[in-house]
Number of protein chains: 2
Amino acid sequence: MRHVADQHSEPLTEAVFLILLSLAPEPKHGYAIMKDVEEISNGRVKLSTGTLYGALRRLLESKWIVRFAEKEASRDRQAYRLTSNGQAAMTAETARMKSLTRVAASRMAEGQA
Amino acid sequence: MRHVADQHSEPLTEAVFLILLSLAPEPKHGYAIMKDVEEISNGRVKLSTGTLYGALRRLLESKWIVRFAEKEASRDRQAYRLTSNGQAAMTAETARMKSLTRVAASRMAEGQA
DNA sequence: TCGTATTATGTCGTCATGCGACATGTCGCC
DNA sequence: GGCGACATGTCGCATGACGACATAATACGA
């Protein structure tokens with residue numbers, strides 16, 4: 001999909017969106033994200049580890065999340081935190097979806113008429 | 001992404017969703033869909049022909065749209081019409097997005113608190 | 001009438017991504 | 001000691017978006 005330059009908000013994949021959503025209230029480590037994503041999608045989406053760690057790698061590369069060591073934990077788990085960039089991306093994506101649902105509602109009503 | 005069996009509504013890609021949305025009020029041929037998608041996305045999404053005709057082929061295969069000849073037109077353009085399956089898919093997808101935006105709103109509020 | 005923009009449909013190769021399978025190791029508990 | 005949950009990762013495959021390319025009819029003005 002090609003997007004105009006001044007508002008080039010590429011649509012997020014559902015996996016990425018749910019991962020960001022999971023990190024929004026507080027930082028989590030990988031496994032906790034998997035469990036949380038399953039919960040917030042009402043059990044609909046179960047991330048495979050391939051999807052999760054692949055997505056996390058790309059999110060780190062694009063600076064939407066940062067990784068830090070959880071000191072308190074006995075095992076050194078790698079926890080992830082949203083950056084302001086990541087928050088902005090989520091806000092933009094939410095706005096995009098809202099706008100689409102609005103158009104969808106009116107279009108489907110037209111179809112009925 | 002894995003989905004539970006009883007409600008296996010895979011997320012639609014934005015391209016597919018916009019194509020279905022474009023066909024919701026009335027049938028259109030390929031080129032008209034391209035123009036309409038650009039319009040309903042506020043110029044944000046410009047489908048390439050590769051995306052469009054690839055998506056149309058898959059939509060035909062999954063019986064979400066049907067193709068028919070526009071008799072009135074001088075040139076025989078292939079027009080596409082939504083099936084009830086296609087309408088159902090759009091309804092499901094809209095519901096999915098609404099649900100995600102709701103969760104997103106509450107999660108982002110939590111992040112601020 | 002000639003050329004050029006618009007309409008219109010399609011294919012191909014590449015790249016990004018989701019996903020299942022596999023690999024590896026820890027921790028708590030019976 | 002073994003077993004299930006916790007935890008992190010890699011690899012290969014399949015799907016899909018996309019730009020580039022190809023082709024052709026129509027419309028319209030110079």
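Chain naming here is simple, since letters A, B, ... match the order of the sequence lines and numbering starts at 1 in each.
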request  = Kindly determine whether A:E14 and A:R44 satisfy side chain to side chain contact (heavy atoms under 4.5 Å, CB included), including the steps that lead there.
outcome  = CA-CA 11 Å; A:E14 191 176 36; A:R44 193 173 54 84; 2.3 Å; yes
request  = May I have the step-by-step check of side chain to side chain contact (heavy atoms under 4.5 Å, CB included) for A:L100 and B:L18, ending in yes or no?
outcome  = CA-CA 9 Å; A:L100 282 182; B:L18 288 170; 3.7 Å; yes
Taking only nitrogen or oxygen atoms into account, show me every contact under 3.5 Å that the protein makes with nucleotides 21-24 of chain C, one pair per line with its distance.
residue	atom	partner	partner atom	Å
C:dA21	N6	A:T49	OG1	3.1

task = Using whole Å, report how far CG of B:L47 lies from P of D:dG16.
result = 15 Å
inquiry  = The side chain of B:Y31 is closest to which nucleotide in this list: D:dA17, D:dG9, C:dA8?
reply    = C:dA8
Atom-pair distance (CD on B:E14; C1' on C:dA16), nearest Å = 16 Å
request  = Output the single nucleotide from D:dA17, D:dG9, C:dG10 whose closest atom is nearest the side chain of A:Y80.
outcome  = D:dG9
request  = Measure from CE on B:M34 to C1' on C:dT9 and round the result to the nearest Å.
outcome  = 8 Å
Separation of atom CG in B:L56 from atom P in D:dG16, rounded to whole Å = 13 Å
inquiry  = Applying side-chain contact (heavy atoms from CB on, under 4.5 Å), can you list everything that pairs with A:S99, at least two apart in sequence or on another chain?
reply    = A:R102
query = A:T49: what forms a side-chain contact (heavy atoms from CB on, under 4.5 Å) with it, not counting sequence neighbours?
reply = A:M34, A:Y53
ask   = Starting at CG of A:L52 and ending at C1' of C:dT17, how long is that distance when rounded to a whole Å?
value = 14 Å
query = Which residues pass the side-chain contact (heavy atoms from CB on, under 4.5 Å) test with A:T91, sequence neighbours left out?
reply = B:M108
key: Integer-rounded Å distance: D:dG16 P and B:I19 CD1   = 12 Å
B:H29 side chain, from C-beta outward: closest of D:dG9, C:dA8, D:dG16 = C:dA8
ask   = Phosphate oxygens OP1/OP2 of D:dA17: is one of them under 4.0 Å from a side-chain N or O of B:R58?
value = yes
request  = Just jot down the side-chain contact (heavy atoms from CB on, under 4.5 Å) partners of A:A89, sequence neighbours excluded, or say none.
outcome  = A:W64
Toward the 5' end of DNA chain C, by each residue's nearest nucleotide, B:K35 or B:G54 = B:K35
key: Candidate nucleotides C:dT7, D:dT10, C:dT9, ranked by approach to the side chain of A:Y53 - the nearest   = D:dT10
query = Touch check for B:F17, heavy atoms < 4.0 angstrom, all strands: base, sugar-phosphate only, or nothing?
reply = nothing
inquiry  = Rounded to whole Å, how long is the line connecting atom CD1 of B:I33 with atom P of C:dA8?
reply    = 11 Å
ask   = How would you list all residue pairs meeting salt bridge (charged side-chain N to carboxylate O under 4.0 Å, His left out) that involve residues 60-69 of chain A, not counting sequence neighbours?
value = A:R57-A:E61
